[in-house]
Amino acid sequence: MSIYGEFFTKFMESFFEGLMTILKGIVNGIGQMFNFVNYITVINDYKSDLTGVGLVVMILSIILLLGLFALIILLIYKSIKTYVKYRRNVKKEDRLIEEIETLNGEILKLKQQSKKFAEITDEEGNIEYDEEGNIKNELKEGESRFFKLSSVDAEFKDKSLEEIHNDYTLEELCDIFRNYSASKLHLYYDINLIRLFIASFASNKLIILEGISGTGKTSLAYAFGSFIQNETTVASVQPSWRDSTEIFGYFNEFTKKFNETEILEKMYEAQYTDKVYITLLDEMNISRVEYYFAEMLSILELPNKKDWVVELVPNVWPGDPVKLDEGKLKIPENMWYVGTINNDDSTFMITDKVYDRAMPIAIDDKCEEFEAPDTDGLKLSYKYFEEQFEKAAEEHTVSNETLEKVAQLDRYVIDHFRLAFGNRIVKQLKEFVPAFVACGGDEVAAIDYLIAHKILRKFEQLNLAYIKDQIDGLISYLEKLFGTDKTPECKAYLLRLKKTI
């Protein structure tokens with residue numbers, strides 16, 4: 001031990017010895033108070049000598065002692081009850097504050113609508129209607145009801161499509177992104193995490209980053225937008241989000257204008273370029289994802305991308321954005337949606353419907369800082385990005401032998417746990433695994449990750465006590481199929497699950 005350590009130990013010795021003495025005294029005092037053996041011994045020693053008044057004194061002493069014990073227990077109970085009640089009140093207050101904030105927001109919207117309403121009424125407050133009973137279009141001549149989208153049209157009107165030239169492999173792209181994040185943003189990520197993130201673009205339009213707070217979920221999506229020189233669109237999900245209008249916006253019947261969201265504006269802009277776009281749904285499970293993102297989940301599930309359309313308005317007006325077709329917006333193929341989630345008491349659980357259509361990436365720890373060469377960002381072509389995924393699918397096709405092993409695992413899980421993978425997950429496996437290998441990863445490692453986070457996660461729905469005895473058998477079967485120590489993600493997940501039973 002150095003002289004500094006010796007000084008610190010000697011200096012603090014008296015403090016810690018005193019603290020231990022206090023704690024020992026408290027423990028000993030409590031033990032002495034509840035030393036029932038001693039009470040019984042005293043009674044046995046004196047009961048033969050006590051008669052008449054002595055017996056009365058002994059009985060009163062016992063009653064007094066029991067009363068004191070009852071008082072202590074009552075005080076403890078009251079203290080616990082008061083604390084629990086306090087915690088409940090705090091949670092209720094938090095919920096009330098959220099509701100008040102939501103109501104304040106609604107009041108603000110109503111005030112704005114009232115102001116707009118006053119603008120479209122005459123002096124007597126009457127609104128003019130057309131022959132069909134709709135409020136007359138009060139837009140000025142040449143004015144569009146889609147201000148932001150029409151501004152995008154104006155911006156790109158005289159611009160030709162920017163040609164983006166890339167010649168990076170997916171593996172090189174992972175290394176460049178990692179070095180850029182470290183050297184320019186001072187954000188440090190494990191290379192395996194980067195490979196998982198990039199490979200996820202090949203199989204899903206929705207990527208979910210989950211894990212404990214402070215591990216860099218939001219910053220990863222932000223960093224990638226900065227890296228590809230097309231800033232990530234950040235949408236902070238609110239508890240009040242209930243439907244798809246939070247994503248696309250809505251048509252205001254009073255103002256005769258469409259309230260456009262930033263997400264909608266970026267969706268529209270993406271149709272003009274070959275860039276890759278990222279939309280970040282920050283804390284996406286603070287409201288129910290199935291409420292506000294249900295329409296998008298259904299659209300992105302359609303196999304024919306020509307069908308990726310959503311109706312914004314039911315009719316066409318003069319001055320509408322040029323890329324709206326009969327009031328319908330084409331969902332851009334070059335945009336991905338990244339959601340971050342925290343699993344705590346203030347959030348909702350992500351349902352199977354959402355998980356099955358997304359690629360979850362667990363970020364449970366931070367990467368240590370490392371020296372990285374000074375690296376610049378780059379413009380990433382969507383067309384080239386997709387070509388690299390197609391190339392990966394051809395060069396690193398999942399072998400029939402591996403697919404048969406996955407099929408065997410599917411049958412095993414059906415027989416022992418009454419769960420099935422589903423064709424959707426097999427399709428994602430065929431797209432994700434080759435991309436992960438092209439990013440520099442290992443095929444079995446990719447399959448191990450996918451099985452653990454897309455399939456074994458479903459076990460949480462089951463009666464854990466019922467499947468407890470089957471978990472060791474599943475671990476052995478995985479090692480038999482893929483080799484000993486080849487599926488560490490699955491093994492670690494199953495062992496964690498077993499400990500919770």
Side-chain angles (χ1 to χ4, degrees), residues 139-168 170 172-173 176-177 180 184-185 198 201 205 221-235 247-251 256-281 296 299-300 304-313 315-338 375-390:
L139 295 177
K140 297 177 182 178
E141 185 177 353
E143 186 180 8
S144 171
R145 54 178 167 171
F146 292 89
F147 174 76
K148 292 181 179 179
L149 304 194
S150 295
S151 297
V152 173
D153 286 336
E155 180 184 353
F156 287 91
K157 183 178 180 180
D158 298 321
K159 289 184 180 180
S160 57
L161 179 66
E162 180 184 6
E163 294 186 9
I164 303 174
H165 300 284
N166 297 132
D167 57 0
Y168 311 99
L170 289 178
E172 290 170 341
L173 188 69
I176 297 170
F177 174 38
Y180 170 85
K184 297 295 187 183
L185 306 177
I198 298 297
F201 285 76
K205 285 296 182 181
Y222 170 81
F224 191 71
S226 176
F227 168 63
I228 61 176
Q229 299 179 18
N230 191 17
E231 295 296 331
T232 297
T233 302
V234 180
I247 301 295
F248 302 111
Y250 62 93
F251 182 67
K256 288 301 180 181
K257 294 182 180 180
F258 198 94
N259 288 18
E260 303 144 288
T261 65
E262 188 178 359
I263 297 175
L264 177 67
E265 181 182 6
K266 288 298 179 181
M267 283 181 173
Y268 190 76
E269 179 187 309
Q271 299 180 60
Y272 276 102
T273 78
D274 184 38
K275 297 178 181 179
V276 171
Y277 284 74
I278 305 295
T279 292
L280 173 64
L281 301 171
M296 284 294 293
I299 291 173
L300 298 175
N304 190 343
K305 295 181 179 179
K306 291 182 180 179
D307 298 328
W308 288 14
V309 294
V310 61
E311 184 178 88
L312 298 181
V313 287
N315 47 31
V316 180
W317 284 10
D320 277 355
V322 297
K323 288 189 175 293
L324 287 189
D325 183 14
E326 300 294 328
K328 296 180 177 66
L329 171 75
K330 175 73 168 62
I331 301 300
E333 300 173 22
N334 53 334
M335 178 176 283
W336 278 263
Y337 309 88
V338 180
T375 307
D376 293 326
L378 54 85
K379 292 183 179 181
L380 182 60
S381 162
Y382 164 72
K383 182 179 178 181
Y384 184 80
F385 203 32
E386 286 290 289
E387 287 174 353
Q388 289 302 301
F389 291 140
E390 292 171 2

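Across Thr232 and Ala221, no two heavy atoms sit closer than the pair OG1-O, 2.8 Å. Across Gly319 and Ser150, no two heavy atoms sit closer than the pair O-OG, 3.8 Å. For Tyr180 against Asp376, the heavy-atom pair with the smallest separation is CD1-C, 3.6 Å. When all heavy atoms of Glu311 and Val313 are compared, the pair lying nearest together is CG-O, 3.4 Å. Taking all atoms of both residues into account, the shortest heavy-atom contact from Leu378 to Ile176 is CD2-CG2, 4.2 Å. Here the shortest heavy-atom pairing between Glu260 and Phe147 reads OE1-N, 3.2 Å.
By the 4.5 Å heavy-atom criterion applied to side chains, Lys330 and Asp325 are not counted as neighbours. At least one side-chain heavy atom of Gln271 sits less than 4.5 Å from a side-chain heavy atom of Leu329. Under the 4.5 Å side-chain criterion, counting only non-hydrogen atoms from C-beta, Phe251 is not in contact with Lys257. Between Leu380 and Phe224 the shortest side-chain heavy-atom distance falls below 4.5 Å. Side-chain contact check for Ile247 versus Val310: every heavy-atom pair is 4.5 Å or farther apart. At a threshold of 4.5 Å between non-hydrogen side-chain atoms, the residues Ile331 and Met267 count as touching. A 4.5 Å side-chain heavy-atom check between Ile228 and Phe177 finds every atom pair outside the cut-off. Using a 4.5 Å heavy-atom cutoff, the side chains of Asn230 and Val276 are not in contact.
A salt bridge does not link Lys159 to Glu162: none of the charged nitrogens lies less than 4.0 Å from a carboxylate oxygen.
Heavy atoms from other residues, nucleotides or ligands lying under 6.0 Å from CD of Glu326 number 12 at most. The number of heavy-atom neighbours closer than 6.0 Å to NZ of Lys305, taken from other residues, nucleotides and ligands shown, is above 12.
Residues passing the side-chain contact (heavy atoms from CB on, under 4.5 Å) test with Thr273, sequence neighbours excluded: Phe156, Lys275, Tyr277, Asn334. Residues satisfying the ring-ring contact (aromatic ring centres under 6.0 Å, His included) test with Phe258, not counting sequence neighbours, are Phe146. Partners of Tyr222 according to the ring-ring contact (aromatic ring centres under 6.0 Å, His included) rule, which considers only residues two or more places apart in sequence or in another chain, do not exist here.
Taking CZ of Arg145 as the reference point, atom CH2 of Trp317 lies at 5.0 Å (rounded to 0.5 Å). In this structure, the separation between OH on Tyr337 and CG on Leu280 is 13.0 Å, given to the nearest 0.5 Å.
Of the possible polar contacts, none joining the Asn166 side chain to the Tyr168 backbone as a donor-acceptor pair under 3.5 Å is found. Judged by distance alone, with hydrogens and angles left aside, the side-chain atoms of Lys379 form no donor-acceptor pair with the main-chain N or O of Ile164 at under 3.5 Å.
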Practice item. Take Thr375 and Phe227 through the test side-chain contact (heavy atoms from CB on, under 4.5 Å) and record every step on the way to the result. Key: CA-CA 10 Å; Thr375 307; Phe227 168 63; 5.6 Å; no
Point to revise | Working for side-chain contact (heavy atoms from CB on, under 4.5 Å), residues Gln388 and Phe201 | key: CA-CA 11 Å; Gln388 289 302 301; Phe201 285 76; over 6 Å; no
Exercise for review: Show the numbers, then the answer: is there a side-chain contact (heavy atoms from CB on, under 4.5 Å) between Leu264 and Lys148?
Suggested key: CA-CA 9 Å; Leu264 177 67; Lys148 292 181 179 179; over 6 Å; no
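Aromatic ring pairs are classed by plane angle as parallel below 30°, tilted from 30° to 60° and perpendicular above 60°; the pair Trp336 and Phe385 is perpendicular. A perpendicular orientation is assigned to the rings of Tyr268 and Tyr272, their planes being inclined by more than 60° (bins at 30° and 60°).
Remark: the Tyr250 side chain and the Asn259 side chain contain an N/O donor-acceptor pair separated by less than 3.5 Å.
Tested against Leu281, the residues Val234, Ile263, Thr233 include a single side-chain contact (heavy atoms from CB on, under 4.5 Å) partner, Ile263.
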